[in-house]
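First up is the structure itself, then whatever we jot down about it.
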Amino acid sequence: MRIGDYNPQSSIKRGPVDDIDLNEQQLVRRQKLAELQASGNDPYVRRLPWERTHTAAAAIAAYTDGKLAADQQVALVGRLMTVRIMGKASFAHIEDGSARIQIYVKRDVVGEALYDELFKKMIDLGDFVMVRGTMFTTRTGEVSCEVRELALISKTLNPLPDKWHGLRDIETRYRQRYVDLLANPDVRQIFITRARIVTAIRRYLDDNGFLEVETPVLQPIYGGAAARPFVTHHNQLDQDLFLRISFELYLKRLLVGGYERVYEIGRDFRNEGISFKHNPEFTQLEWYEAYTDYNGVMRRVEELLAAVAQELGRGTTITYNGNAIDLAPPWRRITMRDAIREATGIDYQAHPDAASLAEAMRAIGHHPEPGSSRGKLIDSLFGTHVEPKLIQPTFITDYPVEISPLAKKKADDPTTVERFEYFIGGLEMGNAFTELNDPIDQRARFVELRDAVAGADENVHPLDEDFLNSLSFGMPPTGGFGTGIDRLTMLFADQQSIREVILFPHLRTA
RNA sequence: GGGCGCGUAGCUCAAUUGGCAGAGCAGCGGCCUUUUAAGCCGCGGGUUUAGGGUUCGAUUCCCUACGCGCUCACCA
């Protein structure tokens, strides 16, 4: 059947074709595909017809820099993104991984067969093509390629989103991220930024003597954070396993083993609510450094973010959510007690029990969950009154011991631990301790936590006896740190939702 | 899980008080050899997320389901 015989209006009363409902535009493209194949042309070539000489960006640069001889041909590949057909000549843009470049196709030059039968009749927006031709500058000054030869190298069967507006529908953008990426260059840029952030982090840590390691994702006992886990099962061992919620307890074992500086970048899984800053799986960086404490970690965090900003070609000032943020060290350091006192007038040290603190909170119009522990109350006070205001980089230091079971207590205050979290743009970015390395205290803290949780009618979680055993072999004084790569990307890419910085964010099955 | 909002053509969006479901892009046919959101002429394309209800009549009002967003809760 010739394409000219095909009348899309007559045959599109939606019927299953290969079990797929096709719309008019999809049918037209399949018809073209069939005709190409019938005439002996492979719409999905195995090899390029010519050797690719340049990326689009390289061709433009080579021409602009005068590095191409007068009649020198370039061979380019790319996806056809726009077309302007003016009778016997056409302009179009093709896009490869480097850039978009205009091509100029003239019937006089490429011949009638290529121009009328292939280019005009068979090639659609979205198709991958290869062109060979010479570079020139148009009347309006755009560096372009005048095509001498042209080939279709991969056919696209679905129409592309609007060439001007791109793809906007949020649900479709996430469910079909490939369409989002091909239609929206700014989205592609976000994930380039993300990769560069990870590169900068690795470089910084590698340059500072840290060893990158990999620890188990499947863990028989989970720990290192308070989240609920995902559970899975090993068939042969007939054993339930948990997807890790943190790397902490395994990385510390490595400090016991004698590595002084280790880090891991990988996925954590937490079976909790989904929000603009929470995805069930997210990427975490944790590092542990022997012979330092949380003050040393703070200095490194300042250095690390400066290194990331530099890798991204930024100065120390970035914009997030409309706020100018100055990353230049030193960042503000303030204790949690002072930060809460500053924001609310409440000094929680003056309220040594939960009931008294809850009373003080109610006095300022805060309605805490009944039955909350003192640590939870402090956390709630902080989250409501302090956290949203922490736009400039800030270290909040010295947390209540009840909510920090893995951190070392302050020498002069057993109710408080050497811990900090850092905040930028109102987002909690990371968490660090002077690590608890006293195995007796560690066991006591675990037991306390277990009993508290058991009281809240949750499943009782066994102690990680092997971790405690490792501490009993001696862990050096250590400073440890964890930070979310996703949230760092949100910050540097100026994105307000974690889903915008995760390629395939979790959605309910449609 | 609770509350609020949204779901219209392949894409981006309209549709007045409940009264013929539209536009631009994309597609198809035609004209057009420096355009760039090309232009001009013509044509086709809809189970208005799904199911039910009210009504002479439902994209519009009501109920249910599904999905998404915001928010609250949860997340030491």
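Labels below follow one simple rule: chain letters A, B, ... track the order of the sequence lines, proteins then strands, and each chain is numbered from 1. Worth knowing before you read on, the calculation uses all heavy atoms, side chains too, and leaves out hydrogens, waters and symmetry mates.
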Residues of residues 155-163 of chain A with any non-hydrogen atom less than 4.0 angstrom from an atom of RNA chain B: list those, numerically ordered, please. A/Pro159, A/Pro161, A/Asp162, A/Lys163
Winner on side-chain proximity to A/His165, out of B/rU35, B/rG10, B/rU12, is B/rU12
Could you check whether any side-chain N or O of A/Lys155 sits under 3.5 Å from a backbone N or O of A/Met122, counting only pairs where one atom can act as donor and the other as acceptor? yes
Do side-chain atoms of A/Ser98 reach the backbone of A/Ala56 as a donor and acceptor pair under 3.5 angstrom? yes
Atom pairs under 3.5 Å: protein N/O with N/O of nucleotides 39-41 of chain B:
none

With both distances kept under 3.5 Å, what pairs with B/rC4, Watson-Crick or G-U wobble? B/rG69
Rounded to the nearest Å, what distance is computed from the CG atom of residue A/Leu33 to the C1' atom of nucleotide B/rG27? 17 Å
Integer angstrom distance from the P of B/rC25 to that of B/rC20: 25 Å
Distance-only side-chain donor-acceptor flag, A/Tyr104 / A/Ser90, under 3.5 Å: no
Spell out, as yes or no, whether a donor-acceptor pair under 3.5 Å connects the side chain of A/Thr82 to the backbone of A/His93. yes
For A/Arg267, does its backbone N or O pair with a side-chain atom of A/Arg244 as donor and acceptor, under 3.5 Å? yes
With sugar-phosphate meaning primed atoms plus P, OP1 and OP2, does A/Arg100 contact a base, only sugar-phosphate, or nothing at under 4.0 Å between heavy atoms? nothing
For A/Lys376, all residues meeting side chain to side chain donor-acceptor pair (under 3.5 Å), sequence neighbours excluded: none
For B/rA58 and B/rG52, measure between their P atoms and round to the nearest Å. 13 Å
Checking N1-N3 plus N6-O4 or O6-N4 for Watson-Crick, or N1-O2 and O6-N3 for wobble, each under 3.5 Å, the partner of B/rU64 is B/rA50
Could you check which nucleotide pairs with B/rG18 in any of the strands shown, counting Watson-Crick or G-U wobble with both distances under 3.5 Å? none
So what does A/Arg419 touch, heavy atoms closer than 4.0 Å: a base, only the sugar-phosphate, or nothing? sugar-phosphate
For A/Thr156, which residues count as a side chain to side chain donor-acceptor pair (under 3.5 Å) partner, sequence neighbours excluded? none
If the C1' atom of B/rA73 is compared with that of B/rC4, how far apart are they to the nearest Å? 15 Å
With a 3.5 angstrom cut-off on both distances, give the Watson-Crick or G-U wobble partner of B/rC43, or none if there isn't one. B/rG27
Taking atom types as they are modelled, would you say the side chain of A/Glu402 forms a donor-acceptor pair with the base of B/rA76 within the 3.5 Å cutoff? no
Expressed in angstrom and rounded to an integer, what is the separation of A/Lys277 atom NZ from B/rA73 atom C1'? 13 Å
Can you list, in residue-number order, the parts of residues 101-113 of chain A that come under 4.0 Å of RNA chain B, counting heavy atoms only? A/Gln102, A/Tyr104, A/Lys106, A/Asp108
Can you give each donor-acceptor pair under 3.5 Å made by side-chain atoms of residues 179-186 of chain A, sequence neighbours left out, with the distance rounded to 0.1 Å?
unit_1   : atom_1 : unit_2   : atom_2 : d
A/Asp180 : OD1    : A/Arg173 : NE     : 2.8
A/Asp180 : OD1    : A/Asn184 : ND2    : 2.6
A/Asp180 : OD2    : A/Arg173 : NE     : 3.3
A/Asp180 : OD2    : A/Arg173 : NH2    : 3.2
A/Asp180 : OD2    : A/Arg177 : NH1    : 2.7
A/Asn184 : OD1    : A/Leu167 : N      : 3.4
A/Asn184 : ND2    : A/Leu167 : O      : 3.0

Honestly, is A/Arg253 close enough over A/Tyr250, meaning NZ or CZ under 6.0 Å from the six-membered ring centre and within 45° of the axis? yes
Which of the following nucleotides, B/rG69, B/rG10, B/rA76, is nearest to the side chain of A/Gln25? B/rG10
With sugar-phosphate meaning primed atoms plus P, OP1 and OP2, does A/Tyr115 contact a base, only sugar-phosphate, or nothing at under 4.0 Å between heavy atoms? nothing
Can you tell me, in whole Å, how much space there is between the C1' of B/rG5 and that of B/rC11? 23 Å
Considering only heavy side-chain atoms of A/Lys88, the closest of B/rG27, B/rU12, B/rU33 is B/rU33
Establish, from distance only, whether the side-chain atoms of A/Gln495 and A/Arg487 form a donor-acceptor pair under 3.5 Å. no
Think A/Lys376 has a side-chain N or O under 4.0 angstrom from the OP1 or OP2 of B/rC75? yes
If you take atom types as modelled and just measure distance, does the side chain of A/His278 reach the base of B/rC75 with a donor-acceptor pair under 3.5 Å? yes
Using whole Å, report how far CD of A/Gln176 lies from C1' of B/rC68. 14 Å
Using atom P of each nucleotide, how far apart are B/rU48 and B/rU60 to the nearest Å? 10 Å
With heavy atoms under 4.0 Å as the rule, sort A/Gly273 into base, sugar-phosphate or nothing. base
Rounded to whole Å, CD of A/Glu428 lies from C1' of B/rA76 at a distance of 11 Å
Identify whether any heavy atom of A/Arg508 sits under 4.0 Å from a base atom; if not, whether one sits that close to sugar-phosphate; answer base, sugar-phosphate or nothing. sugar-phosphate
Pair partner, B/rA58 [Watson-Crick or wobble, under 3.5 Å]: none
Answer with yes or no whether the side chains of A/Ser380 and A/His366 bring together a donor and an acceptor at under 3.5 Å. yes
Would the distance check show the side chain of A/Ser404 and the main-chain N or O of A/Ala407 forming a donor-acceptor pair, the cut-off being under 3.5 Å? no
Which sits closer to the 5' end of RNA chain B, A/Ala225 or A/Ala89, going by the nucleotide each is nearest to? A/Ala89
Would you say the side chain of A/Arg139 and the base of B/rU34 hold a donor-acceptor pair, judged only by whether the two atoms sit under 3.5 Å apart? no
So what does A/Thr509 hit on the nucleic acid, given a heavy-atom distance under 4.0 Å: a base, only sugar-phosphate, or nothing? sugar-phosphate
Between A/Glu428 and A/Phe423, is there a donor-acceptor pair closer than 3.5 Å when you use the side chain of the first and the backbone of the second? no
Across all strands, who's sitting opposite B/rA37 as a Watson-Crick or G-U wobble pair, both distances under 3.5 Å? none
Just call it for A/Arg175: base, sugar-phosphate, or nothing, with non-hydrogen atoms closer than 4.0 Å on any strand. sugar-phosphate
Please state how far atom CZ in A/Arg270 lies from atom C1' in B/rA76, giving the value in whole angstrom units. 10 Å
Whole-Å P distance, B/rG27 and B/rG22: 23 Å
Are any of A/Arg499's side-chain N or O atoms less than 4.0 Å away from OP1 or OP2 of B/rC70? yes
Can you find an N or O donor on one side and an acceptor on the other, under 3.5 Å apart, linking the side chain of A/Glu171 with the base of B/rG67? no
Between A/Glu435 and A/Thr478, do the side chains contain a donor N or O and an acceptor N or O under 3.5 Å apart? no
Which residue lies more 5' along RNA chain B, comparing A/Leu167 with A/Ala92 via nearest heavy atoms: A/Leu167
Atom-pair distance (CG on A/Leu125; P on B/rA37), nearest Å: 15 Å
Report yes or no: do A/Ser246 and A/Tyr222 form a side-chain donor-acceptor pair below 3.5 Å? no
Atom CG of A/Asp124 to atom C1' of B/rG27: distance rounded to whole Å? 9 Å
Over how many whole Å does the gap from A/Arg84 atom CZ to B/rC25 atom C1' extend? 14 Å
Value for CD1 (A/Ile103) from CZ (A/Phe119), rounded to nearest 0.5 Å, stands at 5.5 Å
